[in-house]
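Because the structure is predicted, anything quoted here is derived from the model rather than measured.
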Amino acid sequence: MIDSHCHLDFDAYNKTRDKVIAKALEAGVHTIVNIGCDLESSERSVKLAETHEAVYATVGIHPHDAKTMDDDVFARLRDLAAHPKVVAIGEIGLDFYRDLSPRNLQREAFERQLELAVDVNLPV
């Protein structure tokens, strides 16, 4: 069994993260994909994947945080995407319901990350 979308890097798991991962493995989960949704969580996801054999990471900027995407953030995402335990680009997309980032910036961030996925041959 695979947990294809979790956020074990969030602060809520600081005291229980290792136990949660151990219980998942005991329950038959053999692979856990921790999702990056901004630069900081993408970095944490990669670090988590480095410290747990069963954990893999994605890196990306969620549409809520598209306003944070600049050339430096994009370059760092590209670097992170090259890590051998990164399995996808995400969490990406468009969110025109909440509009926490302007729509034009959401589109730009989404397009750049789609291009990154193609460049590094990873799914989104």
Side-chain angles (χ1 to χ4, degrees):
M1 190 172 355
I2 297 172
D3 182 338
S4 65
H5 189 125
C6 65
H7 296 281
L8 294 174
D9 63 292
F10 283 9
D11 288 345
Y13 292 100
N14 284 349
K15 294 181 181 178
T16 60
R17 186 174 294 113
D18 290 339
K19 288 181 184 179
V20 169
I21 292 170
K23 283 187 176 193
L25 295 173
E26 289 171 16
V29 175
H30 59 78
T31 302
I32 299 170
V33 182
N34 199 79
I35 308 298
C37 54
D38 58 24
L39 182 57
E40 294 78 18
S41 65
S42 295
E43 290 172 336
R44 289 191 311 262
S45 291
V46 170
K47 286 181 183 174
L48 186 62
E50 289 175 338
T51 60
H52 294 278
E53 184 177 342
V55 177
Y56 292 82
T58 73
V59 298
I61 305 296
H62 188 281
H64 293 337
D65 295 303
K67 61 186 169 250
T68 69
M69 175 81 86
D70 60 21
D71 290 341
D72 291 336
V73 169
F74 186 75
R76 182 66 183 132
L77 281 181
R78 180 177 289 283
D79 291 343
L80 290 168
H83 192 283
K85 291 202 74 180
V86 171
V87 296
I89 303 299
E91 180 165 353
I92 67 173
L94 301 170
D95 188 331
F96 292 171
Y97 176 71
R98 292 190 181 95
D99 281 333
L100 297 181
S101 284
R103 291 179 179 191
N104 65 313
L105 296 180
Q106 288 187 49
R107 284 186 191 100
E108 182 180 318
F110 186 44
E111 289 173 4
R112 289 184 81 179
Q113 291 176 96
L114 289 173
E115 291 170 2
L116 173 62
V118 169
D119 289 347
V120 298
N121 197 32
L122 289 173
V124 295

Sorted by chain and number, sequence neighbours left out, side chain to side chain contact (heavy atoms under 4.5 Å, CB included) with Val120 holds for Arg78, Ala81, Ile89, Leu116, Leu122
Residue set satisfying salt bridge (charged side-chain N to carboxylate O under 4.0 Å, His left out) with Asp95, at least two apart, ordered chain then number -> Arg98
The complete set of side-chain hydrogen bond (donor to acceptor under 3.5 Å, both in side chains) pairs with one or both residues in residues 18-31, sequence neighbours excluded, reads Asp18-His52
Quick check: do Gln113 and Ile61 have side-chain heavy atoms less than 4.5 Å from each other? yes
Nearest heavy-atom contact between Thr68 and Asp65 is OG1-O, 2.6 Å
Exercise for review: Take atom CG of Asn104 as the centre, draw a 6.0 Å sphere, and report whether it contains more than 12 heavy atoms from other residues, nucleotides or ligands.
Suggested key: yes
Sorted by chain and residue number, the side chain to side chain contact (heavy atoms under 4.5 Å, CB included) partners of Ser42 (sequence neighbours excluded) come out as Val59, Leu77, Leu80
Residues at least two apart in sequence or cross-chain that pass side-chain hydrogen bond (donor to acceptor under 3.5 Å, both in side chains) with Asp70, listed by chain then number, are none
Quick note, ring pair (Phe, Tyr, Trp, His ring centres under 6.0 Å) partners involving residues 58-80, not counting sequence neighbours, are His62-His64
### Query
Is atom CD of Glu50 surrounded by more than 12 heavy atoms (other residues, nucleotides or ligands) closer than 6.0 Å?
yes
Across all chains, not counting sequence neighbours, the side chain to side chain contact (heavy atoms under 4.5 Å, CB included) partners of Asp11 are Asn14
So the ring pair (Phe, Tyr, Trp, His ring centres under 6.0 Å) pairs with at least one residue in residues 1-21 (sequence neighbours excluded) are His5-His7, His7-Phe10
Residues pairing under ring pair (Phe, Tyr, Trp, His ring centres under 6.0 Å) where one sits in residues 77-113, two or more places apart or in two chains, turn out to be none
For Arg17, the salt bridge (charged side-chain N to carboxylate O under 4.0 Å, His left out) test, sequence neighbours excluded, returns none
Tightest non-hydrogen contact, residues Ser41 and Cys37, listed as OG-N, 2.7 Å
Leu100 reachable from Ile35 in the ILVMFWY side-chain graph, under 4.5 Å edges: no
Correct closest heavy-atom pair for Leu8 and Leu48 would be CB-CD2, 3.9 Å
When hydrophobic residues are tied together by side-chain contacts of less than 4.5 Å, even through go-betweens, does Leu25 share a cluster with Ile2? no
Closest non-hydrogen contact found for Met1 with Ala27 is CE-O, 4.2 Å
From the list Ile21, Val33, Val46, side chain to side chain contact (heavy atoms under 4.5 Å, CB included) partner of Val55 resolves to Ile21
Among the clusters formed by ILVMFWY side chains lying less than 4.5 Å apart, do Leu114 and Leu105 turn up in the same one?
no
Heavy atoms of Ala66 and Gln106 approach each other most closely as CB-CA, 3.7 Å
Check ion pair Asp71-Arg112 (N to O, under 4.0 angstrom)
yes
Exam field: side chain Thr58 to backbone Gly90, donor-acceptor pair closer than 3.5 Å
yes
By side chain to side chain contact (heavy atoms under 4.5 Å, CB included), Glu111 pairs with (sequence neighbours left out) none
The complete set of salt bridge (charged side-chain N to carboxylate O under 4.0 Å, His left out) pairs with one or both residues in residues 32-45, sequence neighbours excluded, reads Asp9-Arg44, Glu43-Arg76
The reported gap from OH in Tyr56 to CG in Asn34 (rounded to nearest 0.5 angstrom) is 13.5 Å
### Query
Near Lys47 NZ, under 6.0 Å, is it more than 12 heavy atoms from other residues, nucleotides or ligands?
no
